[in-house]
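The next block holds one structure in the form of structure tokens; read it before the comments.
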Amino acid sequence: MVDRYEPRAIEEKWQRRWEADRIYAAVDFDQRPKWYALTMFPYPSGDLHTGHWYAMAPSDAHARFRRMQGYNVLFPMGFDAFGLPAENAAIKRGIDPKEWTYANIERMRKQLRMMGASFDWDREIVTCDPEYYKWTQWWFLQFYKHGLAYRARALANWCPGCQTVLANEQVIDGRCERSDDIVERRFLTQWFFRITAYAEELLKFDGIDWPERIKVMQRNWIGRSEGAYLDFPVDVPGVEEKIRVFTTRPDTVYGATFVVLAPEHDLVPKVTTPEQRAVVEEYQRQASRETEIERMSTEREKTGVFTGAYAINPFNGRRIPIWIADYVLVTYGTGAIMAVPAHDQRDFEFAAKYGLDIIPVFDHPEIDVTKPLERAFEHGTRMINSGPFDGTPAEDAIRAVVEYAEREGIGQRAVTYRLRDWLISRQRYWGAPIPIVYCDACGTVPVPEDQLPVLLPEKVQFLPTGQSPLTMIPEWVNTSCPQCGGPARRETDTMDTFICSSWYQMRYIDPHNAERPFSPALAEYWLPVDQYTGGAEHAVMHLLYTRFFWKAARDMGLVKGDEPMLRLFNQGVILGPDGNRMSKSRGNVVAPDEQVEQYGADAFRCQLMFIGPWELGGPYNPTGMQGIVRWLRRVWSLALEPPQLVDAPDAPETLALRRAMHKTIRVVTDDMEHFRFNTLIARHMEFCSELQRVRERGQADRDAWNEAVETMLLLIAPLAPHITEELWERLGKPYSIHLQRWPSYDPDLAKDEEVEVVVQVNGKVRGHLRLAPDAPEEVARTRALELERVRAALDGGTPRRVIYVPGKLVNFVV
RNA sequence: GCCGGGGUGGCGGAAUCGGCAGACGCGGCGGACUUAAAAUCCGCGGCCGCGAGGCGUGUGGGUUCGACUCCCACCCCCGGCACCA
């Protein structure tokens, strides 16, 4: 009698051994084909939760699979360690952010090791290490040098809870992505990365295999619109300005009966008449107090005020009023629109409310355009009320008007994007300092590369003042100008942590390089990432930023190729047993450490993979764990307690066993390729049942049995690395199972010898046959007609038609 | 409103170039082993019906010898976007 399967007794032992032997080390410049597998690195919150396991364990299984297939696999892990929680802990509990973070990292390293994942720990990176953020700062300088980083005053998102500005991508439904506070809008001078320079290219996903929904989300976020800029001269004495508007409907320009500026538009103070100044300024004040949430509400009735000024429609010379209204956004297009109430519902509502003219400029087959409109209509048939363009068919209208505008110098075709430049400065301490110095004589001066890193000072006061805590350390702020040596001040804002994670995949390939972010030769060998896995919640943040970062790096000549991650897989969200998101307040949290304690890491890994398709996520049910535990016990028992082994190479049972094994290899390999862990484990369970039946018979062919058991262990190794290693050793096989080759199958043996064929009469099942998959129709038909129930159903009638699908069915139609 | 994803037993889920609906697992029921229990092993398992049989993949139509799968119309759930000119 052998000992029972006790996961706790073997898992730690093997984890230590693997690490000591560095069997998962990625080998630079190895002859094997390389495979860079990357899973999103965690924020060191101090506790590894089930969501981390759900993201990482299947990724690990896939990386192990590739390793066994003969790839030189790079599967690294690290910590995205800058960010607000550390600083908030400092504010609340007086703990130093650095100490807090490193203590958490230490704890999480232990928890990660319990997973038994094949991470190459020699390549670990921690983004808050000066050794790492030196290069984050270096990247900032490269962006600055290439005109991709700039400082500007702009309307920014301000989170009152976090006391810092945020990028547009980090505002979700008007709330802070982290703290959920309602975001305010403030005019502030901030640092930006020019992501808009790559807007057009970011819309293309050529040559990469990414989920459709991520691509759609990124396309929506970038929001490309084609149209034209048109210039409306201002009719105000002494003001020689033109209002440039962006429109996707230049063909409706003759219907423009007023112009609307965003309340924050630069020209507002210049054009507003003295009589209107008071109401205009009051409206601006009111608009500036509004949060995004209030302003974005589409239900809300539109408001606005007249500036008292007029502009001239450059097409027909018509004098039209200039209004301001907050339904026009200063951040989109030019911050000004021509309003065409007849053909735009928003403008229609505004015109109706304030009694402005509504002039249709298209005919419509079902609408009498000579009568007052009830609502705007977007598309008509031919242009009307449009001077020389009258009669132009709708499909030619835009082109005709734009060509005219370009000829006359009153406009030009244009493309605009919803995407804004990436606001990267944060008024917080726990981030990489922006390596910039302000000198009274030289102005904005980048810190020379050889003076990096600009170290974060320690022993800092944390008060949420809305200014970076760094401003309160004069000995840090005050410095000398790198150019002239005169007195200068450091930039006190730190960088958005999404910058740290935009290039981390590049650092893993050369994590200890002190001379440069990574060596070009290693980049040539390892990059780009072959398989990236992580959550879809990063669709328009990290996953967009890192593509931008890569393209910029490519244009700087630092990397080759157009995309950083060739394949992306988004796992779903793991939920608590009650189907809700796990949260302490709901009390539905499943703690991985407890699952491991109770069932073992192998069982927990497998259960997470077994519950359903990885991309769907779903509830984690701990009671279902029994099934996985039983299966692993059975694997244990089958490996260690064989039937009586005899020499029967030609017995039909031996062939059947071989067939089952080859079929299992085929199914498991195919499912592994496509991350179908749930069906793959189901196949394993079936194969185990088949082995069990063989064993029940009492004896089996020695070679076939041993081969089957060894193959089973090899196929399970990526899923459950500890138990398979233990059994591999007990079977006397060479260490380590994880360095063995993935089994291959014989396609002929993997095919079913006989399959069940359904016999139907008029589409209803009346019987079954066992036939070869490629049996000829004649055989199938004859055998089918021999069946009693089929004859009864035919009731003596002659089939009008017979449908035969080999391997599937025979259907008699009467 | 627009764009994705989804709706299948008591539960998690399988099966889609149209071909036995419910693989595999949980829970349930029955049996074997045991003084007993645990563990293990074997069997049953959509619904209605004693049965032959009938009905079943969100709803209603359609195409087809045959539809979870394709087409049309709709309902519900999840995620994303939403005054973007």
Side-chain angles (χ1 to χ4, degrees), chain A residues 4 172-173 211-221 223-225 227 245-249 252 260 262 295-300 302 325-329 331-340 343-347 349-350 416-420 536-537 539-540 570 572-573 577 579 607 610-613 615-631 633-634 637 676 678-686 688-689 692-693 695-696 756-768 792 799-814:
Chain A
R4 280 164 49 95
I172 314 287
D173 291 334
E212 195 55 35
R213 69 179 163 144
I214 300 291
K215 295 194 276 190
V216 167
M217 279 159 82
Q218 293 202 348
R219 280 195 204 102
N220 288 344
W221 186 261
R224 183 183 198 272
S225 301
V245 303
F246 174 72
T247 178
T248 54
R249 294 296 306 278
T252 62
V260 188
R295 193 166 161 157
M296 280 187 331
S297 165
T298 47
E299 314 310 56
R300 194 176 67 144
K302 292 179 184 18
D326 65 5
Y327 80 92
V328 175
L329 309 176
T331 50
Y332 183 78
T334 60
I337 63 161
M338 63 174 201
V340 184
H343 303 295
D344 182 291
Q345 186 58 22
R346 293 158 302 180
D347 298 343
E349 285 163 22
F350 195 82
T416 62
Y417 302 90
R418 210 186 72 106
L419 181 71
R420 302 290 86 213
E537 68 275 15
V540 294
N570 292 121
V573 179
Q607 174 65 2
F610 184 59
I611 49 174
E615 66 273 23
L616 292 186
Y620 173 79
N621 186 354
T623 63
M625 195 63 133
Q626 278 315 318
I628 290 292
V629 170
R630 284 181 191 139
W631 168 57
R633 282 184 189 144
R634 186 174 269 199
S637 147
R676 290 192 296 251
N678 56 329
T679 50
L680 173 166
I681 292 174
R683 176 60 215 170
H684 271 304
M685 289 170 167
E686 288 181 89
C688 270
S689 298
Q692 171 71 19
R693 280 193 290 276
R695 188 167 64 171
E696 287 292 294
E756 191 132 306
V757 172
V758 171
V759 184
Q760 297 181 334
V761 177
N762 287 332
K764 290 204 195 304
V765 181
R766 299 297 172 184
H768 299 90
R800 184 159 55 84
R801 213 177 131 191
V802 181
I803 291 132
Y804 175 58
V805 183
K808 296 285 184 188
L809 58 45
V810 185
N811 186 12
F812 296 101
V813 185
V814 217

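Residue numbers begin at 1 in each chain, while the letters A, B, ... track the order of the sequences. This is a predicted model, so every value here is computed, not measured.
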Going by salt bridge (Lys or Arg N to Asp or Glu O under 4.0 Å), name the residues that satisfy it together with Asp347(A), two or more places apart in sequence or in a different chain.
none
For a quick check of understanding: with a heavy-atom distance under 4.0 Å over all strands, which category does Glu212(A) fall into, base, sugar-phosphate or nothing?
nothing
Rounded interatomic separation in angstrom, taking CG from Leu419(A) and C1' from rC81(B)
14 Å
rC78(B) and rA73(B), which share atom name P, separated by this distance in whole Å:
24 Å
Per-nt protein contacts along nucleotides 8-16 of chain B (heavy atom under 4.0 Å; B base, S backbone sugar-phosphate only, - none) come out as ----BSS--
Using Watson-Crick or G-U wobble pairs with both distances under 3.5 Å, give me RNA chain B in dot-bracket, 5' to 3', with [ ] for crossers and | for pairs to another strand.
(((((((..(((......[....))).(((((.......))))).(((....)))..(((((..]....))))))))))))....
Using the C1' atoms only, state how far rC77(B) lies from rA85(B), rounded to an integer number of Å.
34 Å
Could you measure between the two C1' atoms, the one in rA36(B) and the one in rA14(B), and give it in whole Å?
39 Å
Protein proximity profile, nucleotides 38-44 of chain B - base contact B, sugar-phosphate-only contact S, no contact -, cut-off 4.0 Å on heavy atoms
-SSSS--
Check: Asn220(A) side chain, rC81(B) base, donor-acceptor under 3.5 Å
no
Once you round it to whole Å, what is the distance between P of rA82(B) and CE of Met217(A)?
11 Å
In whole Å, measure the gap between the P atoms of rC20(B) and rC83(B) for me.
48 Å
Salt bridge (Lys or Arg N to Asp or Glu O under 4.0 Å) with Arg249(A): which residues, sequence neighbours excluded?
Asp251(A)
Not counting sequence neighbours, which residues clear salt bridge (Lys or Arg N to Asp or Glu O under 4.0 Å) with Arg676(A)? List them please.
Asp670(A), Asp671(A)
Using a 4.0 Å heavy-atom cut-off, does Val216(A) contact any base of the nucleic acid, only the sugar-phosphate backbone, or nothing at all?
sugar-phosphate
With rounding to whole Å, what would you report as the distance between rA38(B) and rA32(B) at their C1' atoms?
16 Å
Same-atom distance (P) from rC71(B) to rG25(B), integer angstrom
34 Å
Output yes when Glu212(A) and Lys215(A) qualify as a salt bridge under the 4.0 Å nitrogen-oxygen rule, no when they do not.
yes
